[in-house]
2 protein chains.
Amino acid sequence: MATIQDIADLANVSKATVSRVLNNSSLVTTQKRIAVEDAMNELNFQPNVMAQSLAGGRSMTIGVLTQNFGSPFYDSVSQGVIDGLSDTGYSPIFADGQWKQNTEREVIGTLVGRKVDGLILIGGDVPVSKLNELREQLPTIVVARELDDWENQCIHVDNVDAGYRATKHLIDFGHREIALIHGIRNHPDAVQRFEGYSKALADAGIELNSNLVYSGDFSAQSGVLAVNSLLAQSTHFSAVFAANDMVAFGARLALHRHGIRVPEDVSIIGFDDQAEAAFMTPPLTTMRQPAVEMGVASAAALVKLIDGESYELPRLPIELQRRESVARLR
Amino acid sequence: MATIQDIADLANVSKATVSRVLNNSSLVTTQKRIAVEDAMNELNFQPNVMAQSLAGGRSMTIGVLTQNFGSPFYDSVSQGVIDGLSDTGYSPIFADGQWKQNTEREVIGTLVGRKVDGLILIGGDVPVSKLNELREQLPTIVVARELDDWENQCIHVDNVDAGYRATKHLIDFGHREIALIHGIRNHPDAVQRFEGYSKALADAGIELNSNLVYSGDFSAQSGVLAVNSLLAQSTHFSAVFAANDMVAFGARLALHRHGIRVPEDVSIIGFDDQAEAAFMTPPLTTMRQPAVEMGVASAAALVKLIDGESYELPRLPIELQRRESVARLR
DNA sequence: ATTTAAAATGAAAGCGGTTTCATTACTGTG
DNA sequence: CACAGTAATGAAACCGCTTTCATTTTAAAT
């Protein structure tokens, strides 16, 4: 591995000059610049990021804390971050917080220890106090989590409103007995979607029937459990609002097991619009989260933030993705 | 941020001693060790990985090249890598090669530039010559790709055999007109699965009918296209072997659109066993890839390889996951 | 109590860059 | 042609840690 010194020797200049052309930081005669560039090519030079980071204070890497690697929503956000970071010179390094405070604390530690130049936190449970500390220390953007006081460093989406609109869509189609399969208890997304659900019901003059809300955990399995349980207690329902698409899949399967048709007998609406949703039978109507877009936006914002430039966070909408799992109530 | 010098001062020892307790590299009196540890706690010390790496030559990070962030199989392998690396002291840093030689070359470059201590390459298209170079330079494990001469640094799975068994399963159930939806042309996995398919057919004395093999690309969309096309040309088929589960989902939906029942009229077998497969209606029979296990195994192997210890690569089987999308031909 | 080997420790030299600061090489003016 | 002012360059310090090597302690052996 060639070092800056090797280049300097070959090009007959000093290390300092090499560094300057490397960073384009200060004027260098065209003649020497070319000599240096030639030397770099000849020796196939690749700067040692560690050394750069140590000396210069910047590592050109940005840390991304994601949750549950492999879960569609967080993956899509991550994908967006990758996209958004390409061609910026920054590379992302990912760590999985697994929605556990301890794990999150720990991996944030290793990220910070790796001297990342900035942090993107996707979801997660890190206490706000810790977050505020972090922000002092490092440019930080939080995604998919609502935080007071973070106006400009927080990209999130209105889950209450989306929950409202999902429910409203069902109501508009004539449904009044709408079951809700709740996500993980206390999970902000779940809680907020539920809030929207309640509000939509209220606005439509429908009384909330607690028999119709099942406490799940965002898994497909909880979707089947929910339907089984709902069916066991004979409170009738004509539609299901699932905490997310996975839950919807589970619910759809359970309904199928019971010989209940979707959407003829029961309508289902999901949340996320993960890739598989469009291929459920029938294709799943769902609230599409702008996951990739959030990732891209957060990357863009973070780079600006690091460079001290100003930026504006986009307001990203959750949109109803109409497909075929919701039908007008006969 | 406290440095090793701060600790040294506080504990009244030299930097060298602090370094020693940090790395547990050489004997230190219990008394001083404790003093140092106390100081570390008090100052909330976190070693600067960049400096460690620069000085020590090791960065305690291992680079992972994955493909198409968000695709179930690669995600699962990655997940496995994370699991396998936890508690080893190494942290993974991920990069997405997007199944493009150029991108791969590039991101491997940045990984190497970041002085990772080892490399895990999941799938990908990097030419073998480059790989061989890489191997000289850095401990490297390749996952999900078959490579001659890499016996001990290559974790893969027998796609030919799995393709054979998938097809055989269909044949055992009485099917003889078996359509195959091929993955990306030239993609080794796809090619090998096709090879297994051909062989199983041959062994059963069934002639391969090229009308029954559709050239897809691993996407759900290609699954629907395949079925539409298959149906359009009136070559009858009673079963479909899909390149992977996504394709199976697409195929299943297309069949549904045509009023063809699964599995009563047509059986489907998938490949991967991604999370959603179990919740398809009907639940998808599929060849389960040991993705997570491969990730775990590769992580474990790489750590051994780095440490110069010996290890053995597990032989991981692809197993038929029987569910309900395959039925005996009436 | 000596001598000697082994164990602990510290000083200092890197690791490969960046950056400050002083120096030298050019400009364009008067 | 001398002179200032600016542009280009190099020397050297430094980033935070590891590691070698020499030195000091400690323990064991005589």
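In the text below, chain A, chain B and the rest are named by the order of the sequence lines, each starting its count at 1. Excluded from the calculations below are hydrogen atoms, water molecules and symmetry mates; all remaining heavy atoms, backbone and side chain alike, are included.
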Problem - Of A:R105, A:R145, A:Q101, the residue whose pairing with A:V126 passes side chain to side chain contact (heavy atoms under 4.5 Å, CB included) - result: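 Among A:R105, A:R145, A:Q101, the one that satisfies the side chain to side chain contact (heavy atoms under 4.5 Å, CB included) with A:V126 is A:R145.
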How many Å lie between [atom1] on [X] and [atom2] on [N], as a whole number?
| X | N | atom1 | atom2 | answer |
| --- | --- | --- | --- | --- |
| A:R33 | D:dA8 | CZ | P | 10 Å |
| A:K15 | D:dA8 | NZ | P | 22 Å |
| B:I4 | D:dG16 | CD1 | P | 11 Å |
| B:K32 | D:dT25 | NZ | C1' | 10 Å |
| B:N23 | D:dT20 | CG | C1' | 15 Å |
| B:M1 | D:dC15 | CE | P | 16 Å |
| A:R58 | D:dC15 | CZ | P | 19 Å |
| B:F45 | D:dC17 | CZ | C1' | 8 Å |

Problem - First-last contacting nucleotides on DNA chain C - partner chain B, under 4.0 angstrom, heavy atom - result: C:dA8 to C:dG16
Would you say a side-chain N or O of [X] is under 4.0 Å from OP1 or OP2 of [N]?
| X | N | result |
| --- | --- | --- |
| B:Q5 | D:dC17 | no |
| B:N48 | D:dC15 | no |
| B:S19 | D:dT18 | yes |

Exercise for the section: Give B:T29 one of three labels, base, sugar-phosphate or nothing, depending on what nucleic acid heavy atoms sit under 4.0 Å from its own. Expected result: sugar-phosphate
Exercise for the section: Describe the nucleic acid contact of A:V18 in one word from base, sugar-phosphate, nothing, applying a heavy-atom distance below 4.0 Å. Expected result: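 No contact.
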Practice task
Indicate whether the side chain of B:Q5 and that of B:D9 have a donor and an acceptor atom separated by less than 3.5 Å.
Solution key: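 Checked: B:Q5/B:D9 side chains pair up, N/O donor to acceptor below 3.5 Å.
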Handout entry: Donor + acceptor pair across side chains of A:Q289, A:D272 (<3.5 Å)
Key =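 Checked: A:Q289/A:D272 side chains pair up, N/O donor to acceptor below 3.5 Å.
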Exercise for the section: Would you check if the side chain of B:T29 reaches a backbone N or O of B:Q31 as a donor-acceptor pair within less than 3.5 Å? Expected result: no
Practice task
Verify the ring-centre separation between A:Y74 and A:F94: is it less than 6.0 angstrom?
Solution key: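 Distance test on ring centres: not under 6.0 Å, no.
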Handout entry: Contact nearer the 5' end of DNA chain C, comparing B:A51 with B:T17
Key = B:T17
Problem - Between CD on residue A:Q137 and CZ on residue A:R135, distance to nearest 0.5 Å - result: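 CZ of A:R135 is found 13.0 Å from CD of A:Q137.
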Problem - Atom pair CG (A:L65) and OG (A:S78), whose distance is rounded to the nearest 0.5 Å - result: 9.5 Å
